[in-house]
S.K.: 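There's a structure below that I have some questions on.
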Amino acid sequence: MRYDLVIFDNDGVLVDSEPISNRHLAAYLTELGHATSYEDSIRDYMGSAMHRIHELVLERSGERLPADFDDVFHARVFAAFERELEAVAGVAGVLEKLVADGVPYCVASSGSHARIRVGHRAAGLDRWFEDARIFSSEDVGRGKPAPDLFLYAAERMRVEPGRCVVVEDSPLGVQAANAAGMDVYGFTAMTPAAKLVGATQLFSDMGELLDLLV
C-alpha cells in the first residue's frame, strides 16, 4: 500500500446519503421561503458543513435561517436514514481488505458526529468505525474546503499529511485535500468527473479503489 492512512469522506463515499439528505434540505429550504430544487442543493451544498448553508442563504437572501434550523433538519434526515440509508456498494469489501492488510483508515466528514454515527448504524458500518476513527467538522474551526479537518485527522492518527490519501466525492472535499497536501481520489458515482478538478485519480466504482491504493 502506497499510503500510511486512508481518509474517507462519509456522505456519498461510505454511506449513500446524499440523495436523501439533499432531497430533505431542498424541501426544508423551500418550505422556509428559499426556493431550492434537489439539483440546486446538490450543486450548492453537497459536501458542506452546516455553517455554509447558513452563510449562503444569508448572502443570497439577506435573511437568517431559524435558530432551530439545524435541529429540525437533522431530525428529518436522521429519521429518513433509519428508513432508507444503505452503505455505498462495495465499501464493506474495501474496509475488510484494509483491516486484513493492517492499513490505518478513518472518516473525516463535514457532517456532525451525530449524523456520522446515525448513518453508520443504519447502514451497518458502525463495526468498522470506533470513536478513534471518526472526525467531524465539529472538531475544527473551519470545514471543507479549508484543510483543517483533514490535517486534524492526520494529526490524530499520527500520520504525516503527505502520506495520506483522501477518498472524496465533492468539489469542496477535493479542494480541502489539495490544500492539506494530500492525494485525493475522486469518486464519480454521483458527482460528474468534471466537477472534481484537482483529484489525483478518478474512479466510479468502489471496487476499483483497492487497485488504486496499491
S.K.: Does R23 pair with E84 as a salt bridge, N-O distance under 4.0 Å?
M.R.: yes

S.K.: Can you list everything that forms a salt bridge (charged side-chain N to carboxylate O under 4.0 Å, His left out) with D126? Sequence neighbours excluded, please.
M.R.: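 Applying salt bridge (charged side-chain N to carboxylate O under 4.0 Å, His left out) to D126 gives none.
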
S.K.: Could you walk me through whether V57 and E63 pass the side-chain contact (heavy atoms from CB on, under 4.5 Å) check?
M.R.: CA-CA 7 Å; V57 169; E63 299 177 3; 5.5 Å; no

S.K.: Is R52 paired with E59 through a side-chain N to carboxylate O contact shorter than 4.0 Å?
M.R.: no

S.K.: Here's a test for you: under side-chain contact (heavy atoms from CB on, under 4.5 Å), which of V91, D169, V107 qualifies with V13?
M.R.: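 For V13, the side-chain contact (heavy atoms from CB on, under 4.5 Å) test succeeds with only one of V91, D169, V107, which is D169.
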
S.K.: Where is the tightest heavy-atom contact between F187 and L196, given as atom of each residue plus distance?
M.R.: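 Smallest interatomic distance, heavy atoms only, reads O-CD1, 3.8 Å.
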
S.K.: Are Y38 and L25 packed together at the side-chain level, in the sense that at least one heavy-atom pair is separated by less than 4.5 angstrom?
M.R.: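 No - every pair of side-chain heavy atoms lies 4.5 Å or more apart.
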
S.K.: One pair to check against side-chain contact (heavy atoms from CB on, under 4.5 Å): D11 and S109. What are the steps and the verdict?
M.R.: CA-CA 7 Å; D11 296 293; S109 172; 3.9 Å; yes

S.K.: Any non-hydrogen side-chain atom of S41 less than 4.5 Å from a side-chain atom of H24?
M.R.: no

S.K.: How long is the straight-line distance from CZ of F129 back to NE2 of H120, given to the nearest 0.5 Å?
M.R.: 5.0 Å

S.K.: To the nearest 0.5 Å, what is the distance between OG on S137 and OH on Y152?
M.R.: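 With rounding to 0.5 Å, OG (S137) is 12.0 Å from OH (Y152).
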
S.K.: Under the salt bridge (charged side-chain N to carboxylate O under 4.0 Å, His left out) rule, collect the residues that match up with K195, sequence neighbours excluded.
M.R.: none

S.K.: How far apart are the closest heavy atoms of P147 and R142, and which atoms are they?
M.R.: CD-NH2, 4.3 Å

S.K.: Are I42 and I20 linked, directly or through other ILVMFWY residues, by side chains that come within less than 4.5 angstrom of each other?
M.R.: no

S.K.: side-chain hydrogen bond (donor to acceptor under 3.5 Å, both in side chains): which pairs involve residues 177-194, sequence neighbours left out?
M.R.: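 Residue pairs passing side-chain hydrogen bond (donor to acceptor under 3.5 Å, both in side chains), neighbours aside: Y3-D183, Y3-Y185.
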
S.K.: Do side-chain atoms of S204 reach the backbone of A189 as a donor and acceptor pair under 3.5 angstrom?
M.R.: no

S.K.: Quick one: closest heavy-atom pair of L151 and P161, and the distance?
M.R.: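 Looking at all heavy atoms of both residues, the closest pair is CD2-CG, 3.8 Å.
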
S.K.: Under 4.5 Å between side-chain heavy atoms, hopping through other hydrophobics if needed: is there a path connecting M157 to W128?
M.R.: no

S.K.: Tell me, please, which residues at least two apart from R156 pass salt bridge (charged side-chain N to carboxylate O under 4.0 Å, His left out).
M.R.: none

S.K.: Report yes or no: is the cationic atom of R115 (NZ for Lys, CZ for Arg) under 6.0 Å from the centre of the six-membered ring of F78, at an angle within 45° of the ring normal?
M.R.: no

S.K.: May I ask you to decide if G186's main-chain N or O and Q201's side chain share a donor-acceptor pair within less than 3.5 Å?
M.R.: no

S.K.: Kindly indicate, with the supporting measurements, whether the criterion side chain to side chain donor-acceptor pair (under 3.5 Å) is fulfilled by H54 and D70.
M.R.: CA-CA 9 Å; H54 288 263; D70 292 12; 2.7 Å; yes

S.K.: Going only through I, L, V, M, F, W and Y residues with side-chain contacts under 4.5 Å, is there a path from L209 to V103?
M.R.: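 Shared cluster, yes.
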
S.K.: Do Y45 and L29 have side chains that get closer than 4.5 Å, going by heavy atoms?
M.R.: yes

S.K.: Apply side-chain contact (heavy atoms from CB on, under 4.5 Å) to residues F150 and F135 and explain how you reach the verdict.
M.R.: CA-CA 9 Å; F150 291 143; F135 305 102; over 6 Å; no

S.K.: Between R2 and L213, is a side-chain contact (heavy atoms from CB on, under 4.5 Å) present by the stated rule, with each step listed?
M.R.: CA-CA 6 Å; R2 72 173 75 174; L213 295 175; 5.8 Å; no

S.K.: Salt-bridge test for R60 and D44: reply yes if a basic N is under 4.0 Å from a carboxylate O, no otherwise.
M.R.: yes

S.K.: Taking all atoms of both residues into account, what is the closest heavy-atom pair of K144 and G173, and its distance?
M.R.: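 That closest heavy-atom pairing would be CD-CA, 3.9 Å.
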
S.K.: Once you round to the nearest 0.5 Å, how far does CG of D40 lie from NE2 of H34?
M.R.: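 Reported to 0.5 Å precision, the distance equals 13.5 Å.
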
S.K.: Would you name the heavy atoms of H113 and E138 that are closest together and state the gap between them?
M.R.: N-OE1, 3.0 Å

S.K.: Drop me the distance from H51's NE2 to L56's CG, to the nearest 0.5 angstrom.
M.R.: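 The distance works out to 10.0 Å.
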
S.K.: Write out all pairs satisfying salt bridge (charged side-chain N to carboxylate O under 4.0 Å, His left out) with one or both partners inside residues 203-214, taking only residues at least two apart or from two chains.
M.R.: none

S.K.: For Y105, is there any backbone N or O sitting under 3.5 Å from a side-chain donor or acceptor partner on R133?
M.R.: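 Checked: pair present.
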
S.K.: A side-chain contact here means heavy atoms from C-beta on lying under 4.5 Å apart; do L98 and F8 qualify?
M.R.: yes

S.K.: Just how far is it from atom CG of L14 to atom CG of L95, taken to the nearest 0.5 Å?
M.R.: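 So the gap between those two atoms works out to 6.5 Å.
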
S.K.: Answer yes or no: is there a side-chain heavy-atom contact under 4.5 Å between P171 and V197?
M.R.: no

S.K.: Side chains of D4 and E160, heavy atoms from C-beta outward: is any pair under 4.5 Å?
M.R.: no

S.K.: Would you call D9 and V167 a side-chain contact if the rule is heavy atoms closer than 4.5 Å?
M.R.: no

S.K.: Are L125 and V15 close enough that some pair of their side-chain heavy atoms sits under 4.5 Å apart?
M.R.: yes

S.K.: Say you draw a straight line from CG of L32 to OG1 of T36; how long is it, rounded to the nearest 0.5 Å?
M.R.: 9.5 Å

S.K.: Considering non-hydrogen atoms only, spot the tightest contact between S17 and G12 and give its length.
M.R.: OG-N, 3.8 Å

S.K.: So if you build clusters from Ile, Leu, Val, Met, Phe, Trp, Tyr with side-chain heavy-atom gaps below 4.5 Å, do V118 and F73 land together?
M.R.: yes

S.K.: Which residues pass the side chain to side chain donor-acceptor pair (under 3.5 Å) test with S170, sequence neighbours left out?
M.R.: E168

S.K.: Same cluster for M182 and V140 if Ile/Leu/Val/Met/Phe/Trp/Tyr side chains link at under 4.5 Å?
M.R.: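 Shared cluster, yes.
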
S.K.: Might you confirm whether atom CD of E86 has over 12 heavy atoms from other residues, nucleotides or ligands at distances under 6.0 Å?
M.R.: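 No, the 6.0 Å shell around CD holds no more than 12 heavy atoms from other groups.
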
